[in-house]
Amino acid sequence: MIRGQRISSPEHPAGSSRDAGPPDDRGSTPAGQATGHEIMGDGGSALTTARARLRRSLPLILGAIVLALILLINLLAGQEEDTRPLSPDNAAPAGARAVAEVLASEGVDVVRADSYDEAVAALEEGPATLFLNDAQQYLSAGQVGDLAALADRAVLAAPAGRQLTALDDDFAQVGAVPFDLSGDVPALSADCPDPDATAAGTLTATGTAYTGAVECFPVAVGDATGGLYTTSDDGSMAVLGAPSILSNEAVTEDGNAALALRALGSSPTLVWYEPTGADVVSTGEGIDPRTLLPPWVDPLLVWLLVCAVLAVLWRGRRVGPLASEPLPVVVRAAETAEGRARLYQDSRAVGHAAATLRAATLARLARRLRVDRSASAAEVIDAASRHSGRPRTELEQRLRYIPTTNHQLVLWAQDILDLEKEITPS
Amino acid sequence: MVITGRLVLLALLGVVPVIVYPGATSILLWALLLAVAVGLDLALAASPRRVGIRRTLPDSVRLGEQCTSVVVLRNDTSRTLRATVREAWQPSAGAVDPEQSVAVPSGEARRLTLLLRPTRRGILRVETVTVRSAGPLGMAARQVTVPAPGVLRVLPPFDSKRHLPSKLRRLRELDGRAAVQIRGAGTEFDSLRDYVRGDDVRSIDWRATARRRDTVVRTWRPERDRSVVVVLDTSRTSAARVLDEPRLDTGIEAALLLSVLAERGGDKVHFLAYDRRLRARVDSTAKGNLLASLVTAMAPLDAELIEADWSRLPAQVRAVSPHRSLVVLLTSLDAGAVEEGLLPALPGLTERHVVVVASVRDPRLGEMSADRSTAAATFRAAAAERSLLDRGAVAQQIRLLGAEVVDATPADLPPLLADTYIRLKATGRL
């Protein structure tokens, strides 16, 4: 809406001074009106404004840069520490870096496979031992069978019962070794013809028992028995029911190290494979719902985002700075009385409140009945009795009553108010 | 730089090419189109830094009335200025349409009229004027905030003015009254006139009657040229609100009515606003209209959050009026503040002057003391009665010290104070 009124004669020709104009006294100002000097511009230029804004937003920009740098560094140096148990790179007590390092220094090429395909490729390259540590049981029985068939020697760390079904050799899970509440783990002797187990001698470990061709370190699980280290007849397949013996923490105990090194170090290459969720074989072809959308949806969303940002910039910019208002202090005059009332109530000052009400009533009666201000309560009651024709004792009784509870106070306060109105109807 | 809704609309139109030719190219091309439009607009917009701004403001406006702030925009560029102009008045100035659009051709000037309806008494300020100059396409604009300070003095409303005619009539009726009808000494002899039935025989001037054949009575007129000193308390107690109006504002109303009345009654009026030091002083003996100078002096008054120092008040009063005068103190009767501050200082005033202490009573206390429906209400009633009793006691102490007390609700205080003045004048106590 154009609201300006046209002014007949412009006082300044175009292109005069850029700075604040001189005071102009030519125009006659109406009485009681103050016309200020003409002011032009804020004394700056677009460049200075831009510079001032830049200076003002410098901390923000610096902060954003620092944040971006931190993010970038985090993304680039994304190799976070390996904390998975029994991982060959994990130096924590639960890791298995000690075994891997010892094997490597003994000339065994420890290849760490991160995916099923990598494991297959590594195994195909030559004579290798597979160490499969699938604690989350991602792999299917077929995958385990295929891997075991590819490897010259396979050591499975506590596999699930279903993962053993596709193996050439006959292994089965018996169950977890019952947990001894006393906390003592009995030492187990090899008790089998397997040379690795015999070399290890005894184990002090707990885990899962398996049955197979050769059962070493036999334990009883319920009625059945099984071994913590079970191998096939030819020793090319081993199931380690107690993978914890490989951990950095426990590898030095008893025969743990002997068993671990002998079981894993028989081939020039050791493929250390810890499957991840990515290795799970999916059943059936899934359809990505995004492929069903028309191709313009993504660009449209991007463009709408741009439009939203523009709309924010449009609505977010004020016409000039906010004007401030010096606000007055707001104190209600009756506030002190309200506060005093709450004090009375909180401290249950029934007697005090009653005395105040009585005094106020007597003071009003005295004023209405023209009794002197210095008169005593008895004189006021006398006057009230004379004025209203009521017996003095009744008035005295009603006015001098002393309430003790809130309930009595309320009733009595209403009563003396009524009494007051009856005696001096206004 | 500012973008407008038109640019956002153009950006939304870009949805069509993005759908028809999906891909980065259409997005980039449309973004380029937007950038070109913005750049063109910014380049072709008249520079808001070369717009002359001149504001015309009334000196003062009475609270409750409206006024206009006129801004003249002069376009000093060679392009047409399409501007949105905003005057950043503080909110209580009640600017009706602070943002206005105007087109100013090159080299010309336009007048913008901004309606102000102030909602608070005092000095209202405007610090800046913002000029947003849009380009010919209306897609982008350049914005500059120009420091252009302005001040508007909002005067007290003087609502109690409506009591003035009746009080003035009563004041005039004092003239020419027989002395007997207004008991008391000290009235001035005015003239002699013939006796009419009803006049008190005691006012018959026997000497004059002896010179003439008719009976003659003396008439009197109230004293003139007495001085009235109105002291307005601006200390912390005057900040308290009674019926959503600070005590100070009620005091201002009462002071205005009394001052105007006293001036018309032929007395000299001195107004002081005082807490620990003098905040404002107006004398009727000075040049110019008393009412105008009073409201101008009262406009910027605000309650200071400090305790009043009454001990120095007698000296202040003596400074403005060395003779016996009527001193009206517009303050509050809060027990603590008065007992410690005003009471010790009162004897110093009452021994020389006639003193009236006027105070605003909160009608809320009366309502509270009458409501005894619940336990909480009864305790409130007791507290209110306590306050009223304390007030009564303080008022009694003040009366004992020889001063008059006017304690009334905000609406009643100005007329009651005026009545007190008329009564004092009629009885010749000034």
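Just so we're clear, the structure is a prediction, and the values are computed from it rather than from any experiment. Reminder, nothing fancy here: chain letters follow the sequence lines and each chain counts from 1.
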#### Entry: Segment of A/Leu304 engaging chain B (4.5 angstrom heavy-atom cut-off)
side chain
### Task
Name the option with the most non-hydrogen atom pairs under 4.5 Å to chain B; the candidates are A/Leu417, A/Leu322, A/Asn406.
A/Leu417
### Query
Is the shortest side-chain N to carboxylate O distance from A/Glu422 to A/Arg390 below 4.0 Å?
yes
### Interchain contact, B/Ala24 with chain A, by part (heavy-atom threshold 4.5 Å)
neither
### Query
So does B/Glu245 pair up with B/Arg241, basic N to acidic O under 4.0 Å?
no
### Query
Is any side-chain heavy atom of B/Thr84 less than 4.5 Å from a side-chain heavy atom of B/Gln143?
no
### Task
Show your working on side-chain hydrogen bond (donor to acceptor under 3.5 Å, both in side chains) between A/Arg364 and A/Thr424 and close with a plain yes or no.
CA-CA 9 Å; A/Arg364 271 195 296 268; A/Thr424 58; over 6 Å; no
#### Entry: Selection from B/Leu10, B/Leu243, B/Ile27, B/Val2 maximising heavy-atom pairs under 4.5 Å formed with chain A
B/Ile27
## Note on the structure
Ranking B/Arg380, B/Gln90, B/Arg142, B/Arg372 by heavy-atom pairs under 4.5 Å to chain A gives rank one to B/Arg372
### Task
Please flag which part of A/Arg367 lies under 4.5 Å from any non-hydrogen atom of chain B: side chain, backbone, both or neither.
neither
### Query
Any idea which of B/Ile53, B/Val8, B/Val18 has the most non-hydrogen atom pairs under 4.5 angstrom with chain A?
B/Ile53
### Which atoms of A/Val302 approach chain B - backbone, side chain, both or neither, heavy atom under 4.5 Å
side chain
### Task
Flag the pair B/Glu87 and B/Arg55 as a salt bridge only when some basic side-chain nitrogen lies within less than 4.0 angstrom of an acidic carboxylate oxygen.
yes
### Candidate pair B/Tyr21 and B/Leu29, rule side-chain contact (heavy atoms from CB on, under 4.5 Å), full reasoning
CA-CA 11 Å; B/Tyr21 307 103; B/Leu29 277 179; over 6 Å; no
### Most contacts with chain A, counted as non-hydrogen pairs under 4.5 angstrom, among B/Met1, B/Arg125, B/Arg247
B/Met1
### Query
Can you find a heavy atom in the side chain of B/Leu112 that is under 4.5 Å from one in the side chain of B/Val70?
no
### Query
A/Ala359 versus chain B, heavy atoms under 4.5 Å apart: side chain, backbone, both or neither?
both
### Task
Could you tell me whether the side chain of A/Arg358 and the main chain of A/Tyr401 form a donor-acceptor pair under 3.5 Å?
yes
### Query
Regarding B/Glu385 and A/Thr356, is there a side-chain donor-to-acceptor distance under 3.5 Å anywhere?
no
### Query
Under a 4.5 Å heavy-atom cut-off, does chain B meet the side chain of A/Pro294, its backbone, both or neither?
neither
### Query
Between B/Arg82 and chain A, which part of the residue has a heavy atom less than 4.5 Å away: side chain, backbone, both or neither?
neither
### Top contributor to chain A contacts, counting heavy-atom pairs under 4.5 Å, from B/Val51, B/Val71, B/Val126, B/Val242
B/Val51
#### Entry: Among the listed options B/Ser387, B/Gly122, B/Ala88, B/Pro91, the residue most often paired with chain A at heavy-atom distances under 4.5 Å
B/Pro91
### Task
Select one option (side chain, backbone, both, neither) describing which atoms of A/Ala363 are under 4.5 Å from chain B's heavy atoms.
side chain
### Message
Heavy-atom cut-off 4.5 Å, strictly under: side chain, backbone, both or neither for B/Arg386 against chain A?
### Response
both
### Message
If we define contacts as heavy-atom pairs under 4.5 Å, which of A/Thr336, A/Leu310, A/Val350 has the most with chain B?
### Response
A/Leu310
### Heavy-atom contact with chain B under 4.5 Å, split by part of A/Arg315
neither
### Task
For the pair B/Arg153 and B/Asp59, find out whether any cationic side-chain nitrogen is under 4.0 Å from an anionic carboxylate oxygen.
no
#### Entry: Side chain / backbone / both / neither for B/Trp30 at chain A, heavy atoms under 4.5 Å
both
### Summary
Cut-off 4.5 Å, heavy atoms of chain A, and the answer for B/Leu365 is side chain
### Task
Mark yes when over 12 heavy atoms from residues, nucleotides or ligands other than A/Leu313 sit less than 6.0 Å from its CG; otherwise mark no.
yes
### Query
So does A/Arg398 pair up with A/Glu396, basic N to acidic O under 4.0 Å?
no
